[in-house]
Each structure stands twice: as structure tokens, then as C-alpha cells.
Amino acid sequence: MLNWKKISDTFIHYVNDRSEHTTAGRLLPYSINLLRHAAGAYTSLQVVFEDKVTAKVKDATPAFLDELVLNPGPLEELLAEHRYEPFGWEEIPVKKNPLQDVLTALSAAAIIPLNINDRASMLVLGWSEPQVFDASFTEAAVLIRKTLESALTHTSRTDALELSNTYFTAILEAMPQAVIFIDDNGRSGWLNKQAARLLKLPMSGEMAPGAFAGAMADWRNSAANVDDINAKAAQFFSSPGNVIKDWIWQFGGDTPAQYSVSCTPVKHDQFTGKLWVFHKMVVATI
Amino acid sequence: MDVIQRNNITVYGNENAKQTIVFGHGFGTDQTSFKQVVQFFGKDYRVILYDNVGGGKADPEAYSPARYSTLNGYVTDLLDICAYLELKDVIYVGHSVSGMIGLLASIRNPEFFSKLVFLGASARYLNDDAAGYVGGFNQEALNGLYDAMSSNYYAWASGFSSIVMNNPDRPQLAATFASTLSAIRPDIALAVAKVIFESDHRADLGKVTKPVLIVQSSEDVAVPASAAEYLHAHIPGSKLVHINSKGHYPHMSAPGEVVTVMQEFI
């Protein structure tokens, strides 16, 4: 007879540990495999309710069950019958069993309903040998479900934040203008690769403003109209809420260039700062 | 879920017959594509015809990009039909993509099937140069096909039907195919085409436990002879018959040839 207390303790320990270092996409297959090993099951998989006509098998062992399409209606009825609580089959029903296709030739099965980020699914474990599902199973399965839902919700949020970060970074890096953001508290700054190139910095991305303030000052001081720039800057920075636009910075030398510069205050609950945008202008030559 | 409505199921032939034949159509056609073939079997067999979701008169509301993102959704539909009609030991005739649908269904629920007949079926349409497999298409050709479908679906449908029917002396055949192809919602047609052309079921061929007849036409631009030979080589105990017909739709262009080889097999 399986020691469900030991299985859940092992599961909780490893899933909590792993959730600190991985993504939701990796945590779920890992957790399903872990549970199969810990419980000595032959089959493990999740069935995800994708839409009103689609329930799909994912992360399956054996792998040939992956991507099998099941009808969600009978599966929902099955879960409702068990009040969406984990349950076990000491003998797998042969007739009218919506999980029959994934439990062929097995003797016992356990089903653990899940709800992760409002998406319903179920974990299915199957054994070739008979099993007993007593109160210790129910207690362990509830803990396993809570651990998994909590870990996956947490890692999904982290994944989503990382994805958003990647998304917005890609957008800002793709802009043809040089973009620089400087936090008013002087602790944080961000610049895109066009700005890094302008300031002759080796890399773009987030960095302390101190790491590029000198380069920005050097570049500004090399402008042909530095006196005009400084005069306007003094006027501008006397009122922190000011927005400055169409500010022309001219550069001479071997590669003369002219930039239309804007500086916009950014106000957010958690920070304030200034967003600088340098747009290179096409200068007509005669 | 109303399976009858979802798949527009038609029951035809001898209702008291001991044996049932189920016909599954290929991409761009519907159950009417078998009308010349089924009349030969109606006297001795119970005949089940159905439309795959996304085509023919299947319930348009039943189409789900998630369910039909692989052939598995169609496999589940076929098994639903068998379960709903309480079928057992049927002879399944699958044209083109429905060949693999029948194959996968027979692996999943063998008790529903006794024999399988594939007309112009393929385990993989895309060439696999590394494995020396010739499916008939390279990725560039498929991308071109998807682009043509996306840019002007109806013009593409007209041209594609003539090419794959490949019976220029009988333009009505291509016109019939073009009419069912054009009736499919273009976005669904494109999604289904991608699912089919990018499917790869070579690894499943060896799992079949039922007798399989592979029927292959000549000059089939969708399924070259090499793809049929691959099926034959990898499906245990299968029989490959090259029939005297041209193009990808022998059941429409040479129904007599198809009936003859089927009768010998079943």
C-alpha cells in the first residue's frame, strides 16, 4: 500500500524548491513526472480543458498519449460527480469512462482536479497494480493540489512579467530613436541600443544612471550649440514638470548630425523620472 | 453534443447487413465524393457517411482551432461516431487525410474496426531529406501554397482542384471538387491544410493491428507513389494496389477501379 503522506511530503518539498528556479511551463511537466515516480505509477498526464469542445492530454507518460483529444463534457460531469475533489478508482470503470482511452489496461487510477490561473485541468495517474485510496490519499491529494496550484500560479505570474519585460524591451530596442530613461532618485536608468551607440557605451538595458551620466554629459558638451543647449536646460530644469520638445542639438566634426530632442517627465505610483528621446534629423546639404 | 448534427452523418444501404462500411472523406471534399462508390455497396452493407468538421455540411459551429489543431480531434470525432452508432468491426475507407484518421482511430479503439482501406493516403506530406523520405512537398512549396490560399482563396481553390484532380479531359470532376473546396470558410481551410500538410504519422504506422489495403493512383500530385510505398513498407501485413486511375481522387475519377479492389479486399 502506498504511503501517501510520504508521497505528498516528497512532492511538496521538491516542487517548492524547483518553483524558485524555473518557469511554469517547465514546472508542470516536472511535477507530473515527480508525482509519477513518487507514487510508482505507470501513467501520468494532465488533461487540459481548452475550450467547450476540446480537452487535451499533455505531458503524458507514455508519450504516445500526448495531444490526444478528449470530449470535455463527460470529463466535466465526472469531476462534478466528485465535487471537483481528488478521487481514486481502485477498479477503473470499463463502461462510460471518459478517461478510458488514457487508462487502457491499467488497474487503478487517481484523478486530481486543478485550477491554475482560471484554467481547469486534471492530473491523472494510472497503475498497473491494484491500489487503495483511503483517507490518507485524499489528504495527500488535497495537499498536492494546493502546492501545485500555488507554485504554478506564482511561476505563471513570474513568467508573465518576464514575457512583458522581454516584449517591451524588444519594442524599445526596435525604435529608431535613441531612448534614455533616468529615474529621479538616481538609482535606476534604462537606455536602448541606439542610445548606447550614441553615447559609445558597450551595452544597452537597465543600469545605474551613474554608469552613463558622464557619457551623456560628454556627448552633450561636444555639441556645436552646447551653449544654447545649456541655457535651455537651465530654463527647463527650473520647473521639474516641464516637457521639452523640438530641442535641437547640433554636432559638427567628421560626421555632422542634428538631433531633435524631447524630454518628458514620467510619473508613476512607484517612481518618477525623465524620458529622453533623440531623433536624428536629416540635414539637407547644399 | 449531437454527433449526428456535428458530422452530418448519413446512414445508407442495407440496414440489416452484418457488416458496416464507414467512409471518411479527404480535405476539400465531403461525403458526396463517395456517391459513385457507395452505390455498389448499399445492397450488402450498411454504409455510414459523414463530413469532417470544417467541411461539407458538418456543423460550422463545431469547428474549434484547439480541437482540430492536430488530426487527433478528427480521430475523436470518428470514435464518437462509432460509439454513438454502436458500431463494431467496421470496414473503414479513408481518403487522403482520413486514411491517417482511420489508422489512428483503429490504434486507439481497435474494437471498432475490422479492416482499413486507404485511398491516396500519406503518413507525411513534407519531404524528410535527412531520413530519405519523399512525401511530395518541400517547405518552400507548402509556404507558397499557404500564401496562395491566404491571398486569394477562391482563385487558389479553382487552380488547386484542377491540378490535384488531374483529369483535364473531364473538367466537371475538378469543378465538383472546386465547389466543395470553395464552400469551406477560407480561414478554416488554411488551418486544416496546415494541420494536414504538417502532420507526420510515420511513427504510428507500425502500431496498426488491422488488415490495411493501400490504394494508389498514378500521377497523384498530393501523394506520390513513394509515400504509398512507405505506408506499405511500414504497416505490417498491408497490401498495396496501384490502380488504373490518375490524380488524387480515384473514388471520383475511377470509382469502378476502387470498387473492384475494395471488393477483393473485403
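Every chain is numbered from 1, with letters handed out A, B, ... down the list of sequences.
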Exercise. Distance only, no hydrogens: is a donor on one side chain within 3.5 Å (strictly under) of an acceptor on the other, for B:E140 and B:N138?
Worked result: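 No, B:N138 and B:E140 have no side-chain donor paired with an acceptor closer than 3.5 Å.
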For this session: Verify the distance criterion only: is there a donor paired with an acceptor across the side chains of A:K56 and B:S69 at less than 3.5 Å?
Result: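 Indeed, the side chains of A:K56 and B:S69 share at least one donor-acceptor pair under 3.5 Å.
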Problem set entry | Leading residue by heavy atom contact count with chain B [cutoff under 4.5 Å; candidates A:E50, A:K52, A:E67] |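 Counting heavy-atom pairs under 4.5 Å, the top option is A:E67.
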Exercise. Is the B:H95 to B:F23 ring centre distance short of 6.0 Å?
Worked result: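 Not under 6.0 Å, so no.
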Exercise. Given that the side chain runs from C-beta out, which part of B:D77 has a heavy atom under 4.5 Å from chain A: side chain, backbone, both or neither?
Worked result: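 For B:D77, neither part sits under 4.5 Å from chain A.
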For this session: Identify which part of B:D204 has an atom lying under 4.5 Å from any heavy atom of chain A, answering side chain, backbone, both or neither.
Result: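 The answer is neither part of B:D204.
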For this session: Could you label the plane-to-plane angle of the B:Y74 and B:Y68 rings as parallel, tilted or perpendicular, counting under 30° as parallel and over 60° as perpendicular?
Result: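 Judged by the thresholds at 30° and 60°, the geometry between B:Y74 and B:Y68 is tilted.
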